[in-house]
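Treat the numbers as computed from the prediction; the structure is a model and nothing was measured. Throughout, a chain's letter reflects where its sequence line sits, starting with A, and its residues are numbered from 1.
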Protein chains: 2
Amino acid sequence: MEEKSVPHYRRLYEQLRKGIVDGIYKEGDLLPSENELCALHNLTRPTVRKALDLLAHEGFIKKQQGLGSIVHKLPKGIGILSIAGTTTAIGKKNLKTTTVVRPRVQNWPSDFFFALSDEFKTVGCIYFERVRFVNDHPIFYEQTYLPNINLPRFTSRNLDNKSLFDLLRQNYQLEIKGGEQYLKAIEAVDEKICEYLNIRTGQPVLYLSRKLETNRINFSFFSFMYCNTSDFSLYGVF
Amino acid sequence: MEEKSVPHYRRLYEQLRKGIVDGIYKEGDLLPSENELCALHNLTRPTVRKALDLLAHEGFIKKQQGLGSIVHKLPKGIGILSIAGTTTAIGKKNLKTTTVVRPRVQNWPSDFFFALSDEFKTVGCIYFERVRFVNDHPIFYEQTYLPNINLPRFTSRNLDNKSLFDLLRQNYQLEIKGGEQYLKAIEAVDEKICEYLNIRTGQPVLYLSRKLETNRINFSFFSFMYCNTSDFSLYGVF
DNA sequence: TTAATTCAATTGTAAATACAAGAAGTTAAA
DNA sequence: TTTAACTTCTTGTATTTACAATTGAATTAA
């Protein structure tokens with residue numbers, strides 16, 4: 001009996017992905033060919049190809065006609081620009097999270113960067129702030145705004161060292177399907193930012209504004225992130 | 001008789017894309033349904049779906065099960081983070097380009113950020129610098145390195161107000177298939193950068209390091225871009 | 001030995017088909 | 001009037017089949 005209703009291509013994708021990040025498939029290796037994967041997992045080629053396309057799209061493999069699927073080298077930077085949340089992008093062992101402003105219900109800022117529906121404006125938002133440490137250095141200072149709709153008990157949840165994506169999926173059946181993001185380089189002028197990220201006033205930080213879309217229709221939430229990129233780069237493929 | 005060998009899904013993708021950027025399909029509109037597109041273009045659903053998946057992947061549409069393909073609003077920022085080159089991302093009318101260092105053959109820098117094959121190191125590179133103006137404001141200062149392999153007459157070409165991607169495709173049959181990128185926020189300390197981008201010393205700029213992969217196997221080239229993001233954001237979807 | 005050819009394996013493109021799942025409107029019942 | 005069930009249209013997932021294009025190794029010919 002199969003679990004729930006996760007599509008086959010998605011399960012194969014996750015299995016292969018795990019094989020790559022765990023080092024079972026190493027850089028330069030060829031994945032099993034499409035036909036081999038078909039036989040191994042009792043699937044058909046279009047299904048297998050869909051899984052491989054996902055991997056290629058996120059930079060884990062490069063496909064080459066006539067040759068196969070080549071495992072790509074692991075990036076030097078933090079792969080936060082694609083759909084992966086911070087926890088997935090960095091890995092739990094190197095990531096620590098502290099909540100500096102606990103979740104609370106409030107109104108949306110009047111000059112909010114993203115467009116808000118009337119419903120969103122009416123119900124207000126759940127707001128919180130977190131600082132995330134990579135190898136014990138504070139790298140991300142993140143402000144999150146969730147529409148206050150159907151999120152019972154959220155304000156009393158503990159977000160320390162947890163993946164927000166996981167929490168939303170496990171407790172509210174919310175799956176992040178995609179989103180859009182805007183990037184800027186700015187000076188860290190706000191005192192709080194400098195304090196949290198342990199940088200001097202005026203130091204450049206990368207400012208990332210994101211709208212995150214979920215499987216619940218018309219339910220998106222928002223995140224504004226200040227990144228200290230002096231030691232790390234943000235990494236992405238395209 | 002059909003042109004060359006452009007896949008059907010690709011041609012449909014480009015046609016729909018043009019319909020969106022030209023405003024024939026407006027924000028919030030529904031594209032014709034998959035079955036309608038099949039009938040219109042004499043294609044089958046998997047082919048049509050592949051075209052739509054491309055559009056969705058680049059943020060032009062959102063697909064919603066049971067409803068259709070919804071045209072997404074045009075982004076506020078510059079969509080350079082995906083595969084589009086600068087010219088495509090901004091549009092020719094608002095983009096001007098000047099060459100500040102004409103293409104020349106030289107050695108690779110000793111501390112080059114990306115790994116280079118032995119062949120690349122042997123042949124050296126073609127190097128040039130350009131400044132790109134959006135609405136007559138200098139926004140991008142870009143340093144480009146191309147492996148000096150099979151690019152006859154490149155050093156004598158004029159790059160002003162031209163798309164490098166187009167030039168490579170038309171003159172050398174080189175198609176950009178994808179790549180990887182690293183982003184940082186840095187201070188503009190180099191005098192040349194400040195002069196070219198017309199900013200003061202110490203102002204934050206977004207530094208974008210890119211490896212661009214082509215259809216010629218093992219032929220990639222590299223671009224390092226300093227972006228003044230005080231008036232524009234870089235935009236991407238995921 | 002070298003170069004050209006052939007061959008098998010791999011990914012790329014495309015069609016035809018079937019059913020599931022979700023959204024929206026229509027109809028019928030309460 | 002309101003609610004519920006039904007129908008229809010949409011996209012999502014999956015199978016099956018076929019052929020094209022590319023690669024790399026093996027084979028053959030010079």
Side-chain angles (χ1 to χ4, degrees), chain A residues 2-14 16 25 28-57 60-72 173-175 177-178 213-219, chain B residues 2-14 16 25 28-57 60-72 173-175 177-178 213-219:
Chain A
E2 300 189 0
E3 295 173 27
K4 295 181 183 176
S5 60
V6 182
H8 294 158
Y9 74 88
R10 180 115 207 128
R11 216 172 305 182
L12 176 57
Y13 155 78
E14 276 161 14
L16 292 172
Y25 301 114
D29 283 1
L30 287 178
L31 291 186
S33 78
E34 297 179 354
N35 284 322
E36 284 171 344
L37 289 172
C38 291
L40 280 169
H41 299 88
N42 246 300
L43 298 170
T44 55
R45 249 190 93 205
T47 307
V48 169
R49 281 180 64 78
K50 196 155 183 181
L52 294 177
D53 284 347
L54 273 182
L55 289 171
H57 171 49
F60 289 104
I61 62 172
K62 293 280 169 194
K63 303 182 74 171
Q64 191 170 333
Q65 189 172 2
L67 180 54
S69 299
I70 309 159
V71 177
H72 198 265
Q173 289 75 51
L174 280 173
E175 198 87 41
K177 301 298 251 185
E213 289 147 10
T214 72
N215 55 340
R216 194 194 292 177
I217 57 166
N218 292 328
F219 188 89
Chain B
E2 299 190 0
E3 295 173 26
K4 294 179 182 175
S5 60
V6 181
H8 294 158
Y9 74 88
R10 181 114 207 129
R11 215 172 304 182
L12 176 57
Y13 155 78
E14 277 160 12
L16 292 172
Y25 301 114
D29 283 359
L30 287 178
L31 290 187
S33 79
E34 296 179 355
N35 284 323
E36 284 171 344
L37 288 172
C38 291
L40 279 169
H41 298 87
N42 245 301
L43 298 170
T44 54
R45 250 190 92 205
T47 307
V48 168
R49 281 180 63 79
K50 196 154 183 182
L52 293 176
D53 284 347
L54 272 181
L55 288 172
H57 172 48
F60 289 104
I61 62 171
K62 292 281 168 194
K63 304 183 76 174
Q64 191 169 334
Q65 189 173 2
L67 182 53
S69 298
I70 308 160
V71 176
H72 197 265
Q173 289 75 50
L174 280 173
E175 199 88 40
K177 301 297 251 186
E213 289 147 9
T214 72
N215 54 341
R216 195 194 290 177
I217 57 166
N218 292 328
F219 187 90

Given protein heavy atoms under 4.0 Å, the one-letter contact record of nucleotides 5-13 of chain D, with B base, S sugar-phosphate only and - none, is simply -----BBBB
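Remark: B:Asn218 CG is loosely packed, at most 12 non-hydrogen atoms of other residues, nucleotides or ligands lying under 6.0 Å away. Other residues, nucleotides and ligands contribute over 12 non-hydrogen atoms within 6.0 Å of the NZ atom of A:Lys62.
For B:Lys177 and C:dT11, the NZ to P distance is 16 Å, given to the nearest whole Å. For the pair B:Ile217 CD1 and D:dT23 C1', the computed distance is 8 Å after rounding to whole Å. A straight line from CD1 of B:Ile70 to P of C:dG22 spans 16 Å, rounded to a whole angstrom. Put simply, CG on B:Leu30 is 11 Å from C1' on C:dA23, counting in whole angstrom units. The interatomic distance linking B:Arg10 (CZ) with C:dA14 (P) rounds to 12 Å, in whole Å. The distance from atom CG of B:Asn42 to atom P of C:dT13 is 20 Å, rounded to the nearest whole Å. Atom pair B:Asn215:CG and D:dT23:P shows a separation of 10 Å (rounding to whole Å applied).
Proximity of a side-chain donor or acceptor of A:Arg11 to a complementary backbone N or O of A:Val6 within less than 3.5 Å is detected. Between the side chain of B:Thr214 and the backbone N or O of B:Leu174, no donor-acceptor pair lies under 3.5 Å. B:Asn215 places a side-chain N or O within donor-acceptor distance of the main-chain N or O of B:Gln173, the cut-off being under 3.5 Å.
The closest side-chain heavy-atom distance from B:Leu52 to B:Ile61 is below 4.5 Å.
Proximity of A:Thr47 to the phosphate of D:dT15: a side-chain N or O atom is located under 4.0 Å from OP1 or OP2.
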